[in-house]
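Only one structure is covered here, and it is reproduced in the block below.
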Number of protein chains: 2
Amino acid sequence: MDHVDKILVQWRTERPDLDTEAMGIMGRLKRLSTHLAREVEQVLQQHGLSSSSFDVLATLRRSGTPYRLSPGDLLSMTMVSSGTMTNRIDQLEKAGLVERVVNPDDRRSVLIALTGAGLAAVEGAAGAHVANQQRLTQGFSAEEKAQLDALLRKFLATFE
Amino acid sequence: MDHVDKILVQWRTERPDLDTEAMGIMGRLKRLSTHLAREVEQVLQQHGLSSSSFDVLATLRRSGTPYRLSPGDLLSMTMVSSGTMTNRIDQLEKAGLVERVVNPDDRRSVLIALTGAGLAAVEGAAGAHVANQQRLTQGFSAEEKAQLDALLRKFLATFE
DNA sequence: GCCATTTATCTTGACGTCAAGATATGCCGT
DNA sequence: ACGGCATATCTTGACGTCAAGATAAATGGC
């Protein structure tokens, strides 16, 4: 009987006409993702980053040398609006972790490049972040992890 | 090969020392919850509510007559800060969907009560919201839904 | 070559959220 | 009764996000 079960019991009492199966799955998913986001945020904060800024730095890092992508490339990989991405880049630029360099091939565009400090920051944070993700999922057996991943993949395929 | 797979391939190329199993689960969960939140928001918007305001109205509704709870009760059921709850109640009060009534038993406190308009709004939205949740999960068989729910319950139990 | 359209990024104003602290009331031991 | 601690709510200031629109450069049809 977890927190979501209590909600479902209330609904079944008050509105027995409403089916609660989907409610349970959606409710657990929402609460879980909130908890996970907070856990992730906490570890990255210890490395001086927010999960938002880490997202951008990590996207640049995993794109490989020379660690440069346009704001449009970053946008297509991160599920945020263009205004949000501009703001994220502004913050990272102020912190000296990325810099905007001109794109010689297209002057509408610009390239966002990891600085030395930015590369150091993301390398340091990435290890801790991955270790934290492993900690958070360590309660599951290998089989359960595979099962969960498969179900999430199928669910996600509804949208992407 | 979904969006998350592409990210994992990049990491395995750039940082083969990092294990990607947990990254995959966490990444899919995050993207999925973002998609689901947007879908939910859209349906509630058609009923003049945000998911935030619906959360409060639904909590009051499922608590049963007389549909009154203190801000503290609402807080303990919704994973937001006290400042956020004050703001949500302010908005709902301005919209005429709830009202603050004095709590005769404890004058530090106050009771948040559904108005007639608030009750009508939540009853209308709840049906559409549940139907939407069922739509979003309809790609799964009964067995898959049970499996997913069980895994999410176990994962959530890590935190609650 | 020129103008209309498309593409890429940035700007603006509004919203929801949070952490930290302020305020006001209740409670309890003496 | 009273002082001090606990509890309940609200306030403040800062952030991150979004939708809509502004700006500027590239492209394509004529």
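Lettering of chains follows the sequences in order, A, B, ..., and the numbering in each one begins at 1. Values reported hereafter were calculated over all heavy atoms of this structure, with side chains retained and with hydrogens, waters and symmetry mates removed.
- Side-chain N/O atoms of S52(B) include one lying less than 4.0 angstrom from OP1 or OP2 on dT17(C).
- In this structure, S53(B) contributes its side chain and L49(B) its backbone to no donor-acceptor pair below 3.5 Å.
- Note: CG (L74(B)) to C1' (dC10(D)) measures 15 Å, nearest angstrom.
- For dC18(D), the base has no donor-acceptor partner in the side chain of T84(A) [N/O atoms by modelled type, under 3.5 angstrom].
- Summarising the geometry, the separation between CG on N103(B) and C1' on dA24(C) is reported as 14 Å, rounded to the nearest angstrom.
- Among the atoms of the strands shown, only primed sugar atoms or phosphate atoms (P, OP1, OP2) are found under 4.0 Å from some heavy atom of G72(B).
- No N or O donor and acceptor, one from the side chain of R108(A) and one from the base of dT9(C), sit under 3.5 Å apart.
- Note: CZ (R107(B)) to P (dA6(D)) measures 23 Å, nearest angstrom.
- The CD atom of E41(B) sits 16 Å away from the P atom of dT17(D) (whole-angstrom rounding).
- Taking atom CG of residue D105(A) and atom P of nucleotide dA25(D), one finds them 16 Å apart after rounding to whole Å.
- Residue contacts for D106(B): at a heavy-atom cut-off of 4.0 Å it reaches the sugar-phosphate backbone alone, with no base atom in range.
- The only option from L60(B), L114(B), V56(B) that meets the side chain to side chain contact (heavy atoms under 4.5 Å, CB included) definition with L69(B) turns out to be L60(B).
- In terms of modelled atom types and a separation under 3.5 Å, the side chain of E41(B) and the main chain of S51(B) share a donor-acceptor contact.
- Residue S109(A) is classed as a sugar-phosphate contact, given heavy-atom separations below 4.0 Å to backbone atoms only.
- Between the side chain of S70(A) and the backbone N or O of L111(A), no donor-acceptor pair lies under 3.5 Å.
- Taking atom CG of D90(A) as the reference point, atom P of dC15(D) lies 14 Å away to the nearest angstrom.
- dG16(D) atom C1' lies 15 Å from atom CD1 of I89(A), rounded to whole Å.
- When the side-chain nitrogen and oxygen atoms of R88(B) are compared with OP1 and OP2 of dC15(C), none of them lie within a distance under 4.0 Å.
- When each of R38(A) and M85(A) is assigned the nucleotide of DNA chain C with its nearest heavy atom, M85(A) is the one assigned upstream, toward the 5' end.
- Listed pair T86(B) / dT11(D) fails the phosphate criterion, with no side-chain N or O lying under 4.0 Å from OP1 or OP2.
- Set against dT11(D), dG16(D), dT9(C), the side chain of Q91(A) has dG16(D) as its closest nucleotide.
- If you check dC18(D), dC10(C), dC10(D) against the side chain of V80(A), the one that comes closest is dC18(D).
- Between the side chain of T20(B) and the main chain of M23(B), no donor-acceptor pair closer than 3.5 Å is present.
- Note: CG (L111(B)) to P (dA8(D)) measures 13 Å, nearest angstrom.
- At a threshold of 4.0 angstrom between heavy atoms, the contacts of S50(B) with the nucleic acid are absent.
- Side chain of T115(A) to main chain of G96(A): a donor-acceptor pair is present (N/O by atom type, distance under 3.5 Å, no hydrogens or angles).
- Out of dC18(C), dC10(D), dT9(C), the shortest distance to the side chain of R100(B) is found at dC10(D).
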